[in-house]
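Values reported hereafter were calculated over all heavy atoms of this structure, with side chains retained and with hydrogens, waters and symmetry mates removed.
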Amino acid sequence: MALQILASFLSRYLGLTKIENHINVIALSIVSFHAVYLLGGLISRYWFENVYEDLSAKEKIVWRVKIVSFVHAVAISILAYPLLFDPHLMKNKVFGYTTYSGDVYAVTCGYFVWDIVYVLVQGQHMSFLLHGIACLAVFLYSYTPFLNYYGSAFLMFELSTPFLNLVYFMVTTIHGFGFEFASVFISNLFLQDKCSYSKTLLFKLNGIVLLLVFFLVRIVFGLYMSVKTFGNFFSFLGSNTLEIIRLRQNCKAFKLDRK
């Protein structure tokens, strides 16, 4: 009941007209990722007892958060990939919508809600909070509906996250938690190897894959899809006057409701 009231509020006052169909998935996603956070600690005590128990209380929290991030990245990459070839979304890449796309974005919205709460509770740096809020706002706006096709392309950025987190699991930092990417190159300077992986073939291969995936997916593919998104958006609006009128009416309705 409370979830439906929240969904109705978001639909009426923020124009998220499709969110009522997915509010339960968002809630389930939040609960699921917190369960992963809790289970991550239990599993780590069993599988990585010597390493995990030597971590400080703060390091243990970060370790479990990395597990949640890893699981989200893998899950959302798998779930979002089919959207790139969804015939319904491909017909209308700007305002297209399907129930499945809404559920996919509900999963990632739930993750970012969980992430925002974690940052607030743990008193993390403001940049993490702003990142979480920005990402949540972007994916919530898909329920207007808007850019359900291109949203899946940008979720593909998460393909590099598992490899980034594997670096963290292999080596943990001495001077904080911000050197994971640089650790591939300067681990001896900034990092202390907790698992004795830094000189292994596995570590080196993971670093190479991380760099390749990061460059190909986030830089090359990301730049290409950014150009396509803006180009398709303005082209679509230029040839669909009715959609422009609908957007303007939604904005006016939003302002009237606010009054």
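- Under the ring-ring contact (aromatic ring centres under 6.0 Å, His included) rule, Tyr141 has a single partner from Tyr150, Phe146, Phe95, which is Phe146.
- Listed for the Ser29 side chain is no donor-acceptor partner under 3.5 Å among the backbone atoms of Val25.
- With His22 as the partner, the ring-ring contact (aromatic ring centres under 6.0 Å, His included) test is satisfied by one option alone out of Tyr100, Tyr143, Phe139: Tyr143.
- Taking both residues in full, the closest heavy atoms of Ala73 and Thr161 are given as CB-CB, 3.6 Å, listed atom of the first, atom of the second, then distance.
- To the nearest 0.5 Å, atoms CD1 (Ile76) and OH (Tyr111) are separated by 11.0 Å.
- Taking each heavy atom of Leu84 and Met90 in turn, the nearest pair found is O-SD, 3.8 Å.
- In this structure a side-chain-to-backbone donor-acceptor pair under 3.5 Å is present from Ser8 to Gln4.
- Atom-to-atom distance recorded for Lys228:NZ and Phe221:CZ is 11.0 Å, nearest 0.5 angstrom.
- Remark: the backbone N or O of Asn148 is paired with a side-chain donor or acceptor of Tyr105 at under 3.5 angstrom.
- Between His34 and Tyr37, the two ring planes are parallel [angle under 30°; tilted spans 30° to 60°].
- The backbone N or O of Thr144 sits less than 3.5 Å from a side-chain atom of Thr17, completing a donor-acceptor pair.
- Side chain of Ser101 to backbone of Tyr97: no donor-acceptor contact under 3.5 angstrom is found.
- Panel note: side chain Ser11, backbone Ala7; no donor-acceptor pair is recorded below 3.5 Å.
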